[in-house]
*Asks:* 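For reference, the structure I am asking about is given below.
Counting starts at 1 for both ligands and their atoms, in listed order.
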Amino acid sequence: MTNPGRHFVAVIGGAISGSVATEILADHGIRVAVFEQNTRPYGKIEDGLPRWHVEQRKQEYARIDARMKKPNVYFIPSIKLGRDFNLSQLFEWGFSAVILANGAWRDRELGAPEAEQYVDKGLVYQNPFIYWYNHKNEKDYQGPRYETPDEAVVVGGGLASLDVVKVLQLENYERALKARGIHTSMHELEKSIPEVCKAHGIKPEELGVKGCLLIYRRREQDMPLAQPPDNATPEQIAKTEMVRQKMLRLARDKFLFRFQDRRLTTGIIVENGRLHGLKVVETKIEGRKAEPIPGSEQELRAPLVVSSIGSVPEKLSGINMNGEYYTFSGNDLPRYTALERVFGVGNVVTGQGNIRVSLVHSQKVTKRVVDCMKSDDQNAGAGAASAEQQVANAMGAIGKQIEAIPQLSDHQLAEVERQVQALQQKAGFTSDYDAWIAKVTPPDLE
Ligand SMILES: Cc1cc2nc3c(=O)[nH]c(=O)nc-3n(C[C@H](O)[C@H](O)[C@H](O)COP(=O)(O)OP(=O)(O)OC[C@H]3O[C@@H](n4cnc5c(N)ncnc54)[C@H](O)[C@@H]3O)c2cc1C
């Protein structure tokens, strides 16, 4: 254990990666303030993972709650980095270090010329679409509302795009069955649309749903639905490709959507100020390259296009970007290059939308951050250590490529604590985490 109470870390974002970092720090006696933009700290578990994952969401909420309730943890809700404070301010307040765990909330742009002008006019992005789907039945839901017409086009290929397709298909079949006087639920249909139809003595094709169309720019066996191990052999790669094809086939059997691979978006179809579909071209695949095939252009008309081609970190005022990501350097210990003692964990660094990947990444990085703190604790006690020991400590730090994070004085610690409590008070948080969660959870949240 490091010297308890001599460090105070700011963690930005309280979901999987943020709560895991928080727990590791707190278990080492380090004080942690968690700055969370929402009232609840569940991130993509609540607003990304579709709400039919009832048990999984409950379990993840409980895990996050348990981490937030650890001694030494100060939860500050409804406060957003880049809007309510910036990184430099955290150091002015006296924090020892900052861990960015704010995920990836910005949809990667579709990339077709002028497409951005038609957002919410025929074009919708995955993140707000799933947010709406997860919250739409709440009485007090105030956000945008989306239509789910039949024959929508989804641009994607990853797991999240399959969820978008599922949402559209579930909504369409629920409506079509309702029109026949058959009341079903998302939970029933999510298991298998053909099975529900069968149970009601109907053939799915009798319902007249044409189904949404998923397009992907590479081949179906290239879809990022499963990943081969690192340094995979040709056999392992072939096996992964078969797994991907099987996953797609199973999803299509259960949810009855259409699919075209090797389709690259080149333009949009606009009529009367609204997007009415996409212009696409077939592609030829060579390795990772998807080259357009001249003469294979095609129009895909659709009442709605949902783009689900990946999420990247949100651009925040005062944070430097390198392309789509913040300027982190270093794999084992991703450091924000523009400011010392700022690190990144989870989806904000990995770019991979996966709970386990976020969790493991946060564990690894946070343990390294703790090492940086221990290293300074050793330096602080160096007066008592022999010259040989001091050299050994310094060499150890260099060997592990870590920087020492200096300890805080009693006065500095008290100042940070004062600031944190003032922010909690401003947010209406009274230090009882359970009471807060009970207060801010909508009674009809699914
Ligand atoms: C449709 C969909 C389906 C998915 N399905 C699966 C699945 O089946 N299995 C799976 O493993 N993964 C799935 N995922 C991905 C998984 O949910 C995420 O990858 C994972 O939860 C990310 O965790 P994280 O903590 O890194 O980021 P996030 O969950 O994004 O957490 C970031 C936190 O930071 C907060 N925050 C953001 N910006 C700020 C700011 N500026 N200031 C303060 N706070 C901020 C957010 O509110 C949030 O609480 C899915 C994702 C989506 C979108």
*Asks:* With sequence neighbours left out, write down each residue that passes side chain to side chain contact (heavy atoms under 4.5 Å, CB included) with Lys58, or none if nothing qualifies.
*Replies:*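 Counting only residues at least two positions away or on another chain, Lys58 forms a side chain to side chain contact (heavy atoms under 4.5 Å, CB included) with Val54, Glu55.
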*Asks:* Can you see which heavy atom on Glu220 is nearest to which on Arg244, and at what distance?
*Replies:*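 Taking every non-hydrogen atom into account, O-CB, 4.3 Å.
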*Asks:* Return a table of N or O atom pairs, ligand 1 on one side and protein on the other, at distances under 3.5 Å, rounded to 0.1 Å.
*Replies:*
unit_1: ligand 1; atom_1: 11 (O); unit_2: Ile355; atom_2: N; d: 2.8
unit_1: ligand 1; atom_1: 12 (N); unit_2: Ile355; atom_2: N; d: 3.4
unit_1: ligand 1; atom_1: 19 (O); unit_2: Asn347; atom_2: ND2; d: 3.4
unit_1: ligand 1; atom_1: 19 (O); unit_2: Asn354; atom_2: N; d: 2.8
unit_1: ligand 1; atom_1: 23 (O); unit_2: Ser358; atom_2: OG; d: 3.4
unit_1: ligand 1; atom_1: 25 (O); unit_2: Ile16; atom_2: N; d: 3.2
unit_1: ligand 1; atom_1: 25 (O); unit_2: Ser17; atom_2: N; d: 2.8
unit_1: ligand 1; atom_1: 25 (O); unit_2: Ser17; atom_2: OG; d: 2.9
unit_1: ligand 1; atom_1: 26 (O); unit_2: Ser17; atom_2: OG; d: 3.2
unit_1: ligand 1; atom_1: 26 (O); unit_2: Asn347; atom_2: N; d: 2.9
unit_1: ligand 1; atom_1: 26 (O); unit_2: Ser358; atom_2: OG; d: 2.7
unit_1: ligand 1; atom_1: 29 (O); unit_2: Lys44; atom_2: N; d: 2.8
unit_1: ligand 1; atom_1: 30 (O); unit_2: Trp105; atom_2: NE1; d: 2.8
unit_1: ligand 1; atom_1: 41 (N); unit_2: Leu81; atom_2: O; d: 3.2
unit_1: ligand 1; atom_1: 42 (N); unit_2: Leu81; atom_2: N; d: 3.0
unit_1: ligand 1; atom_1: 44 (N); unit_2: Gln37; atom_2: N; d: 3.1
unit_1: ligand 1; atom_1: 47 (O); unit_2: Glu36; atom_2: OE2; d: 2.6
unit_1: ligand 1; atom_1: 47 (O); unit_2: Gln37; atom_2: NE2; d: 3.0
unit_1: ligand 1; atom_1: 47 (O); unit_2: Asn38; atom_2: ND2; d: 3.2
unit_1: ligand 1; atom_1: 49 (O); unit_2: Glu36; atom_2: OE1; d: 2.7
unit_1: ligand 1; atom_1: 49 (O); unit_2: Glu36; atom_2: OE2; d: 3.3
unit_1: ligand 1; atom_1: 49 (O); unit_2: Gly43; atom_2: N; d: 3.4

*Asks:* Quick one: CD1 on Ile64 to CZ on Arg40, what's the gap to the nearest 0.5 Å?
*Replies:*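 If we round to the nearest 0.5 Å, Ile64:CD1 and Arg40:CZ are 9.5 Å apart.
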*Asks:* Hey, are the side chains of Arg31 and His7 touching, using non-hydrogen atoms and a 4.5 Å cut-off?
*Replies:*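 Contact flag for Arg31/His7 side chains = no.
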*Asks:* Please list every donor-acceptor pair under 3.5 Å in which a side-chain atom of residues 11-20 meets a protein atom from a residue at least two apart or in another chain.
*Replies:*
unit_1: Ser19; atom_1: OG; unit_2: Ala15; atom_2: O; d: 2.7
unit_1: Ser19; atom_1: OG; unit_2: Ile16; atom_2: O; d: 3.2
unit_1: Ser19; atom_1: OG; unit_2: Arg67; atom_2: NH1; d: 2.9

*Asks:* Who pairs with Glu36 by side chain to side chain contact (heavy atoms under 4.5 Å, CB included), at least two apart in sequence or on another chain?
*Replies:*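 With sequence neighbours excluded, Glu36 shows a side chain to side chain contact (heavy atoms under 4.5 Å, CB included) to Asn38, Pro41, Phe75, given in chain and number order.
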